[in-house]
Amino acid sequence: MSRLPVALIGAGTRARTVYAPLLLGALADRFELVGVVSRREASARALAEPLGLPWAAELKPVWGARGLVVAVSAHHNGAVAAGLLGAGLPLLLETPLALDVEEAGRLCDSGLPVEVAEQNPRFPSALLLQELVRRGVLGDVRAVASDACGYRYHATAVGRALLGRRAGLWAVAARTVFGDDFGRGLGPESLLAGTVAVDGGRIFQLREGEALHLGVWPKGSYWLAGDRGGVIGNRVQLRDGGEATLIEETDAKGRVRAARVEGAVEFAIELPVREALDGDGHAVARCLLDWLGRIEGHISPTAWSAKDGLADLLWAQALERSAVLAGTRIRLDL
């Protein structure tokens, strides 16, 4: 099996701690990292030279890359991705596609194999939930809630995955604002709660979890309601009285080495690599393999297209806009 030569665009924390270790480690049999590109030469050099890789401040075709992994700062995502379209190479794009919806939309029409590295629906825990839904264990799942466990487009991505990627119809939300920014120097901190009406009489509810990264409020969980049962956290309750537990088996360092459901329902999901990684590592490994499948013409069930990334962003922005406009209903057009 030949390896895909890829260049890493970006040399920040995500590139250094997630992508480079995966491309040179657990996925080295599928990918060949050929170089690092960053607009900041010092960052490019600091990442590339210890790994024995070339680096540059602009893309070097002579490296022979046949795919580009783009992991730059979020506010640069859209412009950097748009600038790389001319290279004609498959792209793996970190989230969000862009902070501007129109800019994100243009990336959906490139005609290239573009995969969005939306890791949240691909966490082992999220995949266990999706497998419960796929198997019909919960029956017709009509409501999903992200209760202080995800934020913005990440939370809406998981919600969309659990609801079968159905179209959103409209969104309504409200927010409260804390005057204290908890030492970040970024100004007041807001907390948002809202609902997206989804095609087929489904609903998605979001209680914002972005502020959880400040370490101020306890983390919540996903909640699912179907006509045969439901899930809250890692606990499955069925209408016939059966119960099951979602389990992530970890090693002493907290790295996931297995993910399964035990109890009235029992199954395991296959992790993308054999090595024990944290949940984010497994999720990004799956992103990379889904991208490789897309390039080869095989779209996996967990693949996340540019259109998916745009829909995630539209749902999140509609909720935020409704909250700013005191609960005005915002129509969703995608």
Side-chain angles (χ1 to χ4, degrees), residues 14 17-18 22 26 95 116-138 141 143-165 204-210 212-213 215 217-226 229-238 242-290 300-304 308 312 316:
R14 196 93 178 132
T17 63
V18 180
L22 280 171
T95 56
V116 177
E118 174 47 77
Q119 75 272 27
N120 286 49
R122 294 185 262 211
F123 285 142
S125 57
L127 290 171
L128 286 174
L129 292 175
Q130 290 170 64
E131 186 64 12
L132 281 172
V133 174
R134 189 192 70 80
R135 290 172 178 242
V137 173
L138 306 177
V141 175
V144 172
S146 174
D147 187 13
C149 59
Y151 70 91
R152 299 185 68 198
Y153 42 84
H154 293 313
T156 55
V158 176
R160 290 184 58 253
L162 292 170
L163 290 169
R165 307 195 202 192
F204 169 70
Q205 292 185 308
L206 171 66
R207 187 172 73 175
E208 183 63 84
E210 186 165 11
L212 297 171
H213 293 276
W217 297 292
K219 185 176 180 180
S221 63
Y222 283 96
W223 175 84
L224 286 71
V231 178
I232 184 167
N234 67 344
R235 184 164 51 95
V236 182
Q237 289 184 308
L238 302 178
E243 296 185 354
T245 304
L246 280 64
I247 297 172
E248 284 188 344
E249 182 183 324
T250 59
D251 63 14
K253 295 183 178 180
R255 297 173 301 190
V256 181
R257 57 188 181 189
R260 63 185 183 274
V261 175
E262 289 185 354
V265 179
E266 297 201 348
F267 63 82
I269 61 169
E270 184 179 356
L271 297 176
V273 296
R274 293 181 179 179
E275 288 88 339
L277 303 171
D278 63 18
D280 189 44
H282 280 298
V284 175
R286 195 175 292 271
C287 291
L288 285 159
L289 292 174
D290 286 345
S300 73
T302 54
W304 215 253
D308 283 314
D312 302 337

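Just so you know, these numbers come straight off a predicted model, no measurement behind them.
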Take Val265 and Glu131 through the side-chain contact (heavy atoms from CB on, under 4.5 Å) test and state the conclusion after the steps.
CA-CA 11 Å; Val265 179; Glu131 186 64 12; over 6 Å; no
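- Between Ile247 and Asn234, the closest side-chain pair of non-hydrogen atoms is not below 4.5 Å.
- Here the side chains of Asp312 and Glu118 are in contact, with some heavy-atom distance below 4.5 Å.
- Remark: Leu277 CG to Leu22 CG distance equals 6.0 Å, nearest 0.5 Å.
- Side-chain contact check for Gln119 versus Trp304: every heavy-atom pair is 4.5 Å or farther apart.
- Counting only heavy atoms from C-beta outward, the side chains of Gln130 and Leu162 approach each other to under 4.5 Å.
- Crowding of Glu270 atom CD: a count of heavy atoms from other residues, nucleotides or ligands under 6.0 Å not exceeding 12.
- Note: Tyr153 OH to Asn120 CG = 9.5 Å, rounded to the nearest 0.5 Å.
- Here the shortest heavy-atom pairing between Ala155 and Ser146 reads CB-OG, 3.7 Å.
- When all heavy atoms are compared, the tightest approach of Gly230 to Leu138 is N-CD2, 3.8 Å.
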Could you go through the side-chain contact (heavy atoms from CB on, under 4.5 Å) check for Leu127 and Arg286 one step at a time?
CA-CA 11 Å; Leu127 290 171; Arg286 195 175 292 271; 3.2 Å; yes
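- Under the rule for a side chain to side chain donor-acceptor pair (under 3.5 Å), Glu248 has no partner lying at least two apart in sequence or in another chain.
- To the nearest 0.5 Å, atom CG of residue Leu128 and atom CZ of residue Phe123 are 13.0 Å apart.
- Atom OG1 of Thr156 and atom CG of Leu163 lie 11.5 Å apart (nearest 0.5 Å).
- Pro121 and Ala157 get closest at one heavy-atom pair: CG-CB, 3.7 Å.
- The nearest pair of heavy atoms linking Lys219 to Cys149 is CE-O, 4.0 Å.
- Looking at Trp223 and Val231, their side chains never come closer than 4.5 Å, going by heavy atoms from C-beta outward.
- Put simply, the side chain of Leu271 reaches to within 4.5 Å of the side chain of Pro124, judged on heavy atoms.
- Inter-residue side-chain proximity for Val116 and Asp308 is flagged as unmet; no heavy-atom pair is nearer than 4.5 Å.
- In terms of heavy atoms, Ala264 sits closest to Gly242 at CB-CA, 3.9 Å.
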Stepwise side-chain contact (heavy atoms from CB on, under 4.5 Å) test for Leu224 and Leu132
CA-CA 10 Å; Leu224 286 71; Leu132 281 172; over 6 Å; no
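- Here Arg255 pairs with Asp251 under the salt bridge (Lys or Arg N to Asp or Glu O under 4.0 Å) rule; sequence neighbours left out.
- Across all their heavy atoms, Ala276 and Arg257 have their closest contact at CB-CB, 4.1 Å.
- The structure places CG of Asp290 at 3.5 Å from OG1 of Thr302, a figure rounded to the nearest 0.5 Å.
- Other residues, nucleotides and ligands place more than 12 heavy atoms under 6.0 Å from the CZ atom of Arg135.
- Interatomic distance, Leu129 CG to Ile269 CD1, rounded to the nearest 0.5 Å: 9.5 Å.
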